[in-house]
Structure formats: structure tokens, C-alpha cells
J.: 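Just dropping this structure here.
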Number of protein chains: 2
Amino acid sequence: MEHTTTDLTIAVRRQLVLSNLSTVASISEATRLSFPTVKKQLEQLIQAGEVFEHGFEDSRGGRPAKRYVYNEQFTHGLTLYVEKTVIRYRLIDCTGKTIDDGTQLILDADHLGALGAVLDRQLDQTSDVSAISLGVAAAVADGTIILAPEYPTFAHLDLKRWVESRTDRPAVIENDMNAAVYGYGHTHELSGDQSIVYIYLGKNGPGAGILINGQLIRGKTGFSGEISFLPLYDDSTFLDRITSERSAPTPAPLSDAALDALGRLVATFTATLNPHAIIFSDVDLVDAELEGIRHACQRHIPAAHTPDLLIGIWEEDYFAGLARRCVGLILESI
Amino acid sequence: MEHTTTDLTIAVRRQLVLSNLSTVASISEATRLSFPTVKKQLEQLIQAGEVFEHGFEDSRGGRPAKRYVYNEQFTHGLTLYVEKTVIRYRLIDCTGKTIDDGTQLILDADHLGALGAVLDRQLDQTSDVSAISLGVAAAVADGTIILAPEYPTFAHLDLKRWVESRTDRPAVIENDMNAAVYGYGHTHELSGDQSIVYIYLGKNGPGAGILINGQLIRGKTGFSGEISFLPLYDDSTFLDRITSERSAPTPAPLSDAALDALGRLVATFTATLNPHAIIFSDVDLVDAELEGIRHACQRHIPAAHTPDLLIGIWEEDYFAGLARRCVGLILESI
DNA sequence: TCGACTTATTAAACCAATTTAAAAAGTTAG
DNA sequence: CTAACTTTTTAAATTGGTTTAATAAGTCGA
């Protein structure tokens, strides 16, 4: 029996990996495929070594269901993100779990050289990497760097193709804010049509990632989430009010000016998108400061409409987003 | 042969009505169904009187394709919207074309009474109305009126159920801004993942409708698009700057203050959603004024990212959105 | 006007997933 | 400990769509 990768196989595989369902019945329900069909796909996957039988589910009054688990070691992925002076990377199994991590310093602002070095080294150490996801603090469109004040060597480069030809593996390039909000949204299992905004104040100007119905909002020119340009005051922008604040070493308690600016920022999103939650990063704020922001927001907007204000773990969310994208690539390319 | 309404029938019907495709080949391509399958469904629809054969397409070098058209008279729909002192309605055929229209004055702010009167009268005149769509300038969640400063008699009413039990037909209730942006988006054939914002300044406070990937953004509490609350200045909101303007009879040329406020509004959407286009209504602005707004926006945002600024015909867009929703209901209920 | 070419339609064979029914493997009440 | 009941799994039959191939109906150039 030939292993022909079909839509059905992919659908079943996605349920095993992404939703970690483990019984035929649950996968059958989730995919709206019939029991025999799912079973047949699983048999093929077991033949190929992609899936293992793994004991039984607890019985609920009748014959207990067999439990199937995806072989995490079947293949691997590499996720990385590039900052101003360092590249951080994590090797993941094909379900997204971290297996190994590390960093690589960037010398003389040669981001491209450093990236190439990490890729070569990691792929040499681990042979069965079948996809790569890369995060950058830059505007990206279709794998090409549109605007990169941080990395001169990346300017106007088709980074996706560069990585793919250097590594001979499929790659995805993602903006940092988009990766973070995508990661947060998917690790926190947003139900259906929720929308969230992830705000990172950062060292080099703030940005926001927007997730609606599980989909990233990229905008007409990749400019979405460039909140530093928001005209929130007569003569100054959001960036103006925040930077005068953030010159002091973080974490310093927020000044009234910064609190007011953040309140207006939340109000702005509420009066436009009315999102379910707005996530701030642990790098910028601590939990106790959220109450002040909420209060500042309510000077402009009735309390009933205020979104939930939450703290996200920046690095984890960033990597979670990259991992999810990477696993998606892996599942497509098997 | 029994006429069993299946997913296939629905898919084919949608292409005929919503995308007005007319040949088997084009429908087959759009639905990704095979030629024989589409053909079979069409035969059943012809049997049922829902579809007619209608001559041939112009040949493109070979045998010309038969043209199939949906029977517009197969059933009808009723669309209406309620304003402060008047209800406007349009009777439509099942492809959305207007067949008849009219208005009903509202006496003593008895919006509910007037609505009931129109419904009774119209359904009495036209027997084969199989769905109703209703637009209101109020916050709606799931057919229930959440907040209705305009219509005291609607407050907290499950208007969808009220209409359905009064008329014995399926109904959909939609917010005015949402209907307008939905109508604009679908009459102007937005390609794929475009996003647009429709802005209406109105007599009773401005509002915006947001359409992303063809989907309406409703928000956590139905508060999305309540742009009057935007904090665009040190001590005043968008509403403040606009109303001082709009006390004069419209259309008066825009003052510098209003221009500045509108420029900031566009900048705000650009720095968050970065939409492809922002639509203003013909009730509020004329085409020549858009240039001033664009200019005002570029005081805050680089020109490359500015969305297209366009004028929409408010009443037509509003009705187009209602018609589209109504046709959707009709197609579901056949 | 004929013949080569294009494109659309029809008919028949085929196949893949669903449905149905029977068997297997548990649990629980008496 | 057995009988009655649940729930999962397997096997067989059916269905409903696709694929393939043959046919029909046009265009265009010589």
C-alpha cells in the first residue's frame, strides 16, 4: 500500500499535532471524517513511523478507545529570532516542544553573516530539521524585508529565499509583533472569533500585533501596528510620550505621563477594534501597573467596553509564534 | 428524482446568485466540483424552476457553453432600515435587485409600532417574501438591541425574534455601519484579504464599520467603530472637534479644525489596521475634500502607507449590505 | 467547403469515503 | 459470576462524486 500524502492524511496529522487529540472518535468528530477513514489514515501513519499506538483511554462505560500519539521525534524544526546584537534560537520537535536552545552574538552589525553561521552550525548538528522559522523586528512582506532600521544587511533582501537556498529547507519569515501575538493567541486557546492586540514598547520604538479570528492583520503596506505614529495629543505622538519615559532604566515605575499615553492607546484600540484583550509584555510592565492603565483608559471609554488587560511573557510568546509557524511548515512539507 | 437540498446544491446556487457565474465550467472551477456534478445539480434546479437555461455564451474557439441564469422571481426578500423619524424599505428579488421601495413615517417615536405596520403591509402585498433584513443605528448583538439612544421602544429588545414571530420569516438585524461597510465591500468586489473602513459622521455622532477579509469586526461588546470616543487631542475627542463643525448645515466646506480631526482619524486607522481604503459617505463629504484629509493625515503618517480615500453613496451602500444579508438568508432557507 | 483544431457536453467506469451492521471488549447490576 | 448494557472496532455494502473517454458543436485557415 503506497503512502500517498492526501488531504485526509494532512487533516488527521494536524489534529494529532496541533490539537493533540488522540482517539479515532475525537479526530473523526473534529475533521468531520468518518471513523473508518480516520482509522485507515492512522494505519498508514503508523506504517510510516509517524504515529504510535499508546495504550488506551480510560473507559467511559464501554470498550476503551485506543490512544494514538504523534512521534515527536519524527522530524524537527529550527526557530530563531534576530535582535540588534544577538540571535536566539530554539530547536523544536515536530509538535513544537523545545529540545535545545542557544544564542549567537552578532559582530559589527553583520546580521546576515551571523544568521548564516547559526544556520550552518545548527543544521550540521541536527540533520533532520525539515523547516525553519525566523523572526525579525522589521516589516516583512512575503518573505522580503521591506523596512529594517535595525539590520542594514537585511535591507530589501528576499530573506525567505536567502534562507531557503542556504539551508535547502522551507522557511518562513515573520515580523516580531506578529509572531508574538500569534503565539499568545494560540497558546491561550482563544475561542473562535476573539480578537487580541499585543503591545511591545521595546527599545527601538513600540509596536503592536493584531490577531482577529486567529488571523494576523498585516495591512495594506505591512504598516499595521505601527502605533508610535498615533496622534494622541495636540502636538505629540504616542512615541513622544513613551520615549521620554523609557529613557530611564526599565523597570521603573510608570510616570503619570506614560500612564496617560498607555490609557489613550488602549482607548484607541477599544474605540476602533474593541478587542477582547490587550496584552502587554513582561519586559515593559508588571502586573500591578495594569490597573493604572485601565483607570487611565476609563477617562475616555465606558468601563464595560474596556478589554481585558494582561501580561504576556515576551520571549515565550515570540518563540511560541515562531514554533507554531514552523510546525505548520513541517506539516505541510511531510 | 427527489430534490434533496444538499451542500452541493447550495454551493452551486450561491455561485449563480452571489457571483453571477453562468456556465457549468466556471461554476465547476469556482466550487472545485467536477463538471458532471455541477451539471447534475443544475438539472435538479431547473426541474424545481429555480434556474433557467438562457442561450449560449459567445464561443471562444470551440463549442459555446450553455448559459444558466437564476430565476430572479423564484422568491423575494424585504430589506428595511429604521431612522429617527422614518423607515425606508426596499423589496428585492432573490438576487438582490430592487423591485419596489418606499418609506413610512414614524409618529411619536413609536419605532416599533411603525416597523410592525410596514412589515404587515408589505408582507400582505407580496406573499412570497422568504427573508427579512433590518438595519438600525444601534448596537446589536445576536439580534438583540444592546444600546439604542435613537429608539426608546427598541431598548433591550430581541428584535430578531420579534420580527420573526410577527412575520413568520427568518430575519437578520444589522447595525447601520456594519451594513454599509459590508455592502460597499461586496459591491466593489474587494479581492481576497483587503480591509476597509467605512466612516459615517451622521447627525447623532459618528461611527465606523470595519471589514477585514470580507468579515465584519464586531468586537467584544459590539463597541467597535465607536470613533467618537477617540482621544485625539489633549482635552477633546474626535466627536468634540467634529460636532462644533457640523452644527452648520451640511454640506458646508470643512473647517481647518474638522480637517485636522479627520486627518488624525485616518492616521489612527492607518497606524493600527493599515487598511486598504477608508470610505467616507456622500452625506458628509464631497470628493474634493478628500485631498485635504489626505494632506492632514500625512502630517502624521508617511504618504506611502496612507489608505485610498473614497466616497461611498451612503443609502446605496447601506441597502446593498442589507440586501446581501437578506439574499444570504434566502439562500440558506430554500 | 473541407479539414484541423478548440471547447463543451454526455456517458460509462471507477474509486474513495460513508453508512450500515455485526463483532469485540469493556462495565455494572443483581 | 453472569446477564444486560456501553462503547469501540472491524468488515461489508452502498453511495456519490471524480476520472476517463467518446461525442457534439463551434472557429479558423487554406
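Letters A, B, ... mirror the listed sequences (proteins, then strands); counts begin at 1.
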J.: Is the distance from OP1 or OP2 of C:dT9 to the nearest side-chain N or O of B:Lys39 less than 4.0 Å?
T.: no
J.: Would you mind reading off the distance between B:Leu42 atom CG and C:dT10 atom P, rounded to a whole angstrom?
T.: 11 Å
J.: Could you list the residues that satisfy side chain to side chain donor-acceptor pair (under 3.5 Å) with B:Asn20, not counting sequence neighbours?
T.: none
J.: For a side chain to side chain donor-acceptor pair (under 3.5 Å) check, start with the C-alpha distance between A:Asp317 and A:Thr187, then their side-chain angles and the critical distance, and finish with the verdict.
T.: CA-CA 8 Å; A:Asp317 294 331; A:Thr187 52; 4.6 Å; no
J.: Measure the distance from OH on B:Tyr68 to P on C:dA8 and round it to the nearest whole Å.
T.: 12 Å
J.: Return the value, rounded to whole Å, for the distance between atom CZ of B:Phe56 and atom C1' of C:dT9.
T.: 11 Å
J.: I need the CD-P distance between A:Glu57 and C:dG26, as an integer number of Å.
T.: 15 Å
J.: Take atom NZ of B:Lys40 and atom P of D:dT18, then tell me their distance rounded to the nearest Å.
T.: 10 Å
J.: Quick check: closest heavy atoms across B:Gly185 and B:Leu211, and the distance to 0.1 Å?
T.: CA-CD2, 3.9 Å
J.: Heavy-atom count around A:Gln47 CD within 6.0 Å, excluding the residue itself: above 12?
T.: no
J.: Write out all pairs satisfying ring pair (Phe, Tyr, Trp, His ring centres under 6.0 Å) with one or both partners inside residues 37-81 of chain B, taking only residues at least two apart or from two chains.
T.: B:Tyr81-B:Tyr318, B:Tyr81-B:Phe319
J.: Of B:Val17, B:Leu16, B:Ile334, which meets side chain to side chain contact (heavy atoms under 4.5 Å, CB included) against B:Glu50?
T.: B:Ile334
J.: Please give, in whole Å, the distance from C:dA16 P to A:Asp7 CG?
T.: 14 Å
J.: From D:dG17, C:dT10, D:dT10, pick the nucleotide closest to the side chain of A:Lys66?
T.: D:dT10
J.: Heavy atoms from C-beta onward define the side chain here; which of D:dT9, C:dT9, D:dG26 lies closest to that of A:Ala65?
T.: D:dT9
J.: Please list, in numerical order, the residues of residues 22-37 of chain B that have a heavy atom closer than 4.0 Å to any atom of DNA chain D.
T.: B:Arg32, B:Leu33, B:Ser34, B:Pro36, B:Thr37
